[in-house]
Amino acid sequence: MRLLSAQDPGVPLAVDDDELVRQAQRDLRAFAPLYRRFAVRVYRYVYSRVSNVADAEETTSQVFVDAMQGLQRYRPRGSFAGWLLAIARRRCADHYRRRVHSPLRDDLADASSRSPMDQALRNEALQGLARVLEKLSEQERELLRLRYAAELSHREIGYLLGRNEGAIKTAMSRLMHKARALWEAEDV
Amino acid sequence: MSDEQAPLELQSALQAFFHAQEPEARFLEALGQRLIERADTGRRAVSSGFGRAAARYVLAGLGVAVLAVLLVVGPQRVIAALARWTGYVPGLGVVEMAGARALPVPVSRAEKGVTFSIDQFVASPDETLLVVRITGIERDQAVSPRTIWIEWPGGTGLRLHADMSGPSYPACGPQGCPQVMQPDGFVIRKALDALPAGVDEVTLVWLPQGKVPGTTALEEWRFDLILKPIGQMDAAQWMVSSYDAGVASGRHHGIELRVNRVFQSSEATLVEMQIQVPEGIAFASIHGVLLQSDLGGPYRPTWPGQDLDEMGVPLIASTPAAPGGLAYLSWSIRQRFEPGEVEARAMTLRVEGVEARYSRDDEFPVIVGANPRIGDVIPLDVRFEVDGLPIHIRQARIVEATSIDPLSKASGPALEFLVESPVRSEDRRLLQVWFAPNYNQTHAMPFVDQRTGLVTERLGLNLESAPAPVIMVRLAGVVIDLSGPWLVSWPVPEMHARDGP
């Protein structure tokens, strides 16, 4: 069941992110609209990195607690989403650091409990897409996660990765050419 | 073609793929509620309901008031009182002491080889914190935090905020801590809702659930506890005296160590520090740590265990000050030491090395063939550099997965890599290469031959699920030991030294 979406009606989109941030910096209780605006996008991104519900929930929680704690350090420059996703990337890296020490049996245990994502992947078209994603490099997959899971704009991705908007557009264009060719080869 | 101009079908498929797993409503609601509670707490703590300008005036006024009190009462007493506002409680961490009640001494019960001890019980106005230790149970018998709860006249059950459970370790002896610590029991740390005001007599209940030989499944162990105001307690086991170390910091290899706060008692010295690493290093840990004062030392670190408030220590990412500048990642580290001289006037922290894990995101092909066999050797020539250290992956060998991890459920072929790097490149050396966990991988600790500089990396890889004959192996990180020393020195405030415990 979906409680919130990126365009949650409870969060007027006419109010830009930085204005919401300024309000929250004055009074932390005003953090709620920011949370409502970004919760689903952050979760989708985190899930696409950690691939199981429990870890995605834990990591998403950490991201918002970090964001709340560090909000005073954010300087409104029109890319709160990029700033938030930078925290999410760090948290995912931290999650991975802890996981990498786990023995294989943990991974096997995870694999045995099928998540809704796994079930969705039974859909043939999505399975084909999963195979396409496996053939892409990690940088390319990350671009797709930021674009389609976190729903960042080219400018926000650029802010996050330290590149300009044009470079991101060019990279996305090349990536879509490549993904399209791989997808067509999958014959779905 | 930008991605907006890509075929709609592909865009829709990508969107469907990345939206296939949506968060559950109960999770979003619970997290939202938790954040609101934190916001309320933070607001109470910092009184941020008025403007910054107003806050400045109030702070200036407070400064004048504090100065006046200092002149009238004397600085030593005032500083001591302020320092006691927060304290360090072993197993719990830094705790608000104002208005708190606590268990004056640990309480325990032993029966049939099992000992249950309540080491800490602190009831502050904001939360209830406890540390419980159980020894004598089988090592694989974990104790659920939910089998321990609190009752009081007219009430029961406090909502759980956080818990941290795991093996407990014995205190280090006079010879210091051994290289490999063997657990002596199981410890549970819990943070719960605050006890109602005025409730100082409580019962802690443990449901052993058959972990004590000869007990029934429903048998309870009950402990009647009387809490006392912290001000009336002899808190020698706690560290209620602390001071800020100012701006003490040391920098080496682009990594900065900063000492923030020091807690001191006759039992131990505890140093809270911040480590800041440049972007590219995903994580780092310090080793070879010693503390020295102008009166003595070196003081060795004691086994720190873990405190409840260390769970989920935030990693703080700083964005570059200017476009193209360096971004940094920082987090806090807590280190306990043998007790030092409370009359010391200067301290120095010495850190011999930092193990830094550098993020990597490269992949390379390994031709395992259509029918990989145990013993096959596959020559490789993968070369790269990490922070100036050359690394060469020169060979892969197919081995049995169970030879890497005897507990692995994945039988069949696995890969073992031979990695070469200089044994010592002046002030750094390779410790580990980590591979990304694709294809149900497992990973044993690498073997490093200090004489030859060869690192044997062993990667359990389920080749049956891998796309033979060529598999792509992805590098996830490289751990390098960076040599120091990092030296951080700071003065000990005179008033602290006089008013120390």
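For the numbers below, each heavy atom of this structure counts, side chains included, while hydrogens, waters and symmetry mates do not. Throughout, a chain's letter reflects where its sequence line sits, starting with A, and its residues are numbered from 1.
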Inset, instruction - With a 4.5 angstrom heavy-atom cut-off, could you sort out which part of B:L14 is near chain A: side chain, backbone, both or neither? - result: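 B:L14 touches chain A through backbone and side-chain heavy atoms alike.
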Legend entry - Residue B:Q33 versus chain A: region with a heavy atom under 4.5 Å: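 Nothing of B:Q33, per the 4.5 Å heavy-atom cut-off to chain A.
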Inset, instruction - Could you tell me which residues satisfy side chain to side chain donor-acceptor pair (under 3.5 Å) with B:D362, sequence neighbours excluded, listed by chain and number? - result: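 If we apply the side chain to side chain donor-acceptor pair (under 3.5 Å) test to B:D362, skipping adjacent residues, the hits are B:R360.
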What's the separation between atom [atom1] in [X] and atom [atom2] in [Y], rounded to the nearest 0.5 Å?
{"X": "A:E184", "Y": "B:L10", "atom1": "CD", "atom2": "CG", "answer": "9.0 Å"}
{"X": "B:M472", "Y": "A:K135", "atom1": "CE", "atom2": "NZ", "answer": "13.0 Å"}
{"X": "A:S48", "Y": "B:F17", "atom1": "OG", "atom2": "CZ", "answer": "8.5 Å"}
{"X": "B:L35", "Y": "A:R36", "atom1": "CG", "atom2": "CZ", "answer": "11.5 Å"}
{"X": "A:E57", "Y": "B:E24", "atom1": "CD", "atom2": "CD", "answer": "6.0 Å"}

Portion of [X] that has a non-hydrogen atom of chain B nearer than 4.5 angstrom:
{"X": "A:Y43", "answer": "side chain"}
{"X": "A:L133", "answer": "side chain"}
{"X": "A:E142", "answer": "neither"}
{"X": "A:L144", "answer": "both"}

Inset, instruction - Mind listing the closest non-hydrogen atom pair of A:T60 and B:F27 along with its distance? - result: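 For A:T60 versus B:F27, the nearest heavy atoms are CB-CZ, 3.9 Å.
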Legend entry - Exercise: identify the closest heavy-atom pair between A:L129 and B:A13: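 Residues A:L129 and B:A13, closest heavy atoms: CD2-O, 3.3 Å.
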Legend entry - side chain to side chain contact (heavy atoms under 4.5 Å, CB included), paired with B:F18, selected from A:R147, A:R145, A:R44: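 Filter result, single survivor: A:R145.
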